[in-house]
Amino acid sequence: SFSAYAHRIVENARALAAWGVDPARLAGLPTLVLGGELDPLITPEMVRAQAAALNVEATVLSGRGHGFPQEDPAAFRALLDGFLRLLPTP
């Protein structure tokens, strides 16, 4: 029903507002920060702020939304592959 759907949206928004990452816990770890330009939930500004807090670059995919991995799997795969190639091998 619409009421149940609306309730899930509100609950998701509350969870998102409370979510965060302590940059100190990730200091020195390789981190990939991605987002979609058209994402209304995790806005490009939020993506860039998180990347800045982690002292890494943000990548915002132009013309893509919250489901950017599904919207543009080739671009997502290329970014992920590029990131993984930079990681040290054990």
Side-chain angles (χ1 to χ4, degrees):
S1 74
F2 179 77
S3 177
Y5 174 75
H7 178 73
R8 283 195 309 272
I9 295 293
V10 169
E11 290 303 311
N12 285 345
R14 285 186 183 141
L16 181 58
W19 183 83
V21 173
D22 177 7
R25 295 187 71 196
L26 298 178
L29 294 177
T31 307
L32 178 64
V33 180
L34 303 173
E37 174 188 38
L38 305 177
D39 189 341
L41 298 174
I42 311 294
T43 66
E45 293 77 22
M46 294 168 75
V47 171
R48 289 183 188 103
Q50 188 65 65
L54 297 169
N55 200 30
V56 299
E57 291 292 320
T59 300
V60 177
L61 285 84
S62 178
R64 303 296 181 242
H66 190 72
F68 63 86
Q70 294 81 22
E71 295 170 35
D72 192 346
F76 175 68
R77 178 67 187 258
L79 290 164
L80 186 57
D81 284 347
F83 173 73
L84 293 174
R85 277 194 299 275
L86 297 175
L87 296 178
T89 56

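It should be emphasised that the depicted structure is a prediction, and the values quoted were computed from it without experimental measurement.
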Give every donor-acceptor pair under 3.5 Å between a side-chain atom in residues 40-59 and any protein atom, sequence neighbours left out.
residue : atom : partner : partner atom : Å
Thr43   : OG1  : Glu45   : OE1          : 3.4
Thr43   : OG1  : Met46   : N            : 3.2

Taking every non-hydrogen atom, the tightest pair across Arg64 and Glu71: CA-OE1, 3.2 Å
Minimum heavy-atom distance between Leu61 and Phe68, given as atom pair plus value: CD1-CD1, 4.1 Å
Asp39: salt bridge (charged side-chain N to carboxylate O under 4.0 Å, His left out) partners, not counting sequence neighbours: none
Listed partners of [X] passing side-chain contact (heavy atoms from CB on, under 4.5 Å), at least two apart:
{"X": "Ala4", "value": "Ser1, Arg8"}
{"X": "Gln70", "value": "none"}
{"X": "Leu84", "value": "Leu80, Leu87"}

In one Ile/Leu/Val/Met/Phe/Trp/Tyr side-chain cluster, 4.5 Å: Leu29, Val33: yes
Salt bridge (Lys or Arg N to Asp or Glu O under 4.0 Å) contacts in which one or both residues fall within residues 77-90, not counting sequence neighbours: Arg77-Asp81
